[in-house]
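This report refers to the structure that appears directly beneath it.
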There are 2 protein chains.
Amino acid sequence: MNKIKLNAAHDHDACIRSALTRAESLCQKRGVRLTRLRKKILELIWQSHSPLGAYDLMDLLQASSDRERVAPPTVYRSLDFLLENDLIHKVHSLNAFVGCNNPLHKHSDALFICSNCGFTDEVHSATIQQAINLSASQNRFSVKSQVLEVLGLCENCR
Amino acid sequence: MNKIKLNAAHDHDACIRSALTRAESLCQKRGVRLTRLRKKILELIWQSHSPLGAYDLMDLLQASSDRERVAPPTVYRSLDFLLENDLIHKVHSLNAFVGCNNPLHKHSDALFICSNCGFTDEVHSATIQQAINLSASQNRFSVKSQVLEVLGLCENCR
DNA sequence: AAAGATATGTTATCATATAACAAAATTACC
DNA sequence: GGTAATTTTGTTATATGATAACATATCTTT
């Protein structure tokens, strides 16, 4: 995917800052620790604003700090922490991770991922959820979790 | 996941047979070749009726035939063929593959996957699709493809 | 039967993710 | 403040999933 083309409506710096601020307060509220490493990784994910693989993150960490290259377990542990605390999502179809917009909601949102620029939008739609729940109940299926990843072109790239 | 508990409504042998028959005629119609290997792999996938990983398939192939263990590229090439011809789906959240029910439709269906027995049901819901399309258009996003995987408990396991 | 095309075999390697244990940092408690 | 307990990070090795590149075999057409 190419570098993201920021659109006018999207102040990316503000977006990153607010995501980090929300993460801080959420972790404080939950009594968990957003350590320097975890925060750095979350920041890198938001800076990209497009799905990043764990090994991409390892490269970025090495580049952004003057530190040694961290090993896979280090980055995966931070990713696990961020996942558990709803601060990021895993994009299964890409083996990659993106920032989560609304970590406060127990959400099962749709991810709209631009295959050109990588811009990823997390959308909560009650309509989609109702449709899935209806289909589940018609098939006598009880839903525990779900993955909805939509690939296509964002407003700027289409 | 455990062995699948077949329910009364599901005649598994007939299910496999009909899937293979449909695959045969579809390939004939399309002028592509359902070779012995590809057919065997498709059969193994349907026998399981639950998502199988590529390496699981390698094991099963070895066990079911008296042949040597096939190497990864061999099985992945067959899987690619089956994917291209809409005979199977990839379950991204499990890195696994399941048989496709309706290979004739250009479909983007929901997969309901039982996390207990692995039974996987492919459901086409116009309601879900409409909801996704609506949400996409509201976000000025043009959809190319989508992945909807619902994990939970099937009728028998809940 | 030969040539061309398609499919499969083989070896090596890349990409993604985790197990197991050691060291360091943080927190809790006295 | 100092020590124990807990949590986090570092390190090494390895598991798991997937593909590249090239060789051999099989099928198709003539």
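Chain identifiers are assigned alphabetically (A, B, ...) following the order of the sequence lines, protein sequences preceding nucleic acid strands; residue numbering begins at 1 within each chain.
- With B:Ser78 contributing its side chain and B:Val75 its backbone, the two residues share no donor-acceptor pair below 3.5 Å.
- Separating the CG atom of A:Leu94 from the P atom of C:dA15 is a distance of 16 Å, rounded to the nearest angstrom.
- Mapping A:Ser78 and B:Pro72 onto DNA chain D by nearest heavy atom places A:Ser78 at the nucleotide closer to the 5' end.
- A donor-acceptor pair is defined here as one N or O able to donate and one able to accept, closer than 3.5 Å; no such pair exists between the side chain of B:Ser135 and the backbone of B:Ala131.
- Rounded to whole Å, the distance from CG on B:Leu37 to P on C:dG9 is 6 Å.
- Looking at the side chain of A:Phe97, the nearest of the listed nucleotides C:dA19, C:dG9, C:dA17 is C:dA17.
- Although no hydrogens or angles enter the test, the distance criterion places no donor-acceptor pair under 3.5 Å between the side chain of B:His49 and the main chain of B:Ile16.
- In this structure, B:Arg33 reaches the sugar-phosphate backbone alone: every heavy-atom distance under 4.0 Å involves primed, P, OP1 or OP2 atoms, never a base.
- Proximity of a side-chain donor or acceptor of A:Glu149 to a complementary backbone N or O of A:Leu111 within less than 3.5 Å is not detected.
- B:Asp56 contributes a side-chain N or O that, together with a main-chain N or O of B:Gly53, makes up a donor-acceptor pair within less than 3.5 Å.
- Nearest to the side chain of B:Thr35, among C:dT16, C:dG9, C:dA7, sits C:dA7.
- One can place CE of A:Met58 at 11 Å from C1' of C:dA17, the figure rounded to the nearest angstrom.
- Base engagement by B:Arg77 is indicated by at least one non-hydrogen atom pair under 4.0 Å involving a base atom.
- As a whole-Å value, the separation of A:Leu83 CG from C:dA17 P is 10 Å.
- When rounded to the nearest whole Å, the span between CG of A:Leu57 and P of C:dA15 equals 16 Å.
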*Can you give the dot-bracket line for DNA chain D, using ( ) for pairs inside the strand, [ ] for pairs that cross earlier ones, | for pairs with another strand and . for unpaired bases, where Watson-Crick and G-U count if both distances are under 3.5 Å?*
||||||||||||||||||||||||||||||
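- Listed pair A:Asn95 / C:dA17 meets the phosphate criterion, a side-chain N or O lying under 4.0 Å from OP1 or OP2.
- No donor-acceptor pair under 3.5 Å is formed between the side chain of B:Arg22 and the backbone N or O of B:Leu87.
- Where A:Phe81 and B:Ala96 each meet DNA chain D at their nearest nucleotide, the meeting point lying more 5' is that of A:Phe81.
- With a cutoff of under 4.0 Å to any heavy atom of chain B, the contacted region of DNA chain D is bounded 5' to 3' by D:dG17 to D:dC27.
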*Given B:Arg69 and B:Asp59, is the side chain to side chain contact (heavy atoms under 4.5 Å, CB included) satisfied, shown in steps?*
CA-CA 7 Å; B:Arg69 181 180 186 74; B:Asp59 296 341; 2.9 Å; yes
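- Between the side chain of B:Arg69 and the base of C:dG9, no donor-acceptor pair under 3.5 Å is found.
- When rounded to the nearest whole Å, the span between CG of A:Asp80 and C1' of C:dA19 equals 13 Å.
- Ion pairing of B:Arg38 with B:Asp80 is absent here, as no side-chain N (NZ or NE/NH1/NH2) approaches a carboxylate O to less than 4.0 Å.
- Here the side chain of B:Ser137 pairs no donor or acceptor atom with the backbone of B:Arg140 at under 3.5 angstrom.
- Rounded to whole Å, atom C1' of C:dT8 lies 18 Å from atom NZ of B:Lys39.
- Counting to the nearest Å, the P atom of C:dT16 and the NE2 atom of A:His92 are 14 Å from each other.
- Heavy-atom contacts from other residues, nucleotides or ligands closer than 6.0 Å to CD of A:Glu24 number more than 12.
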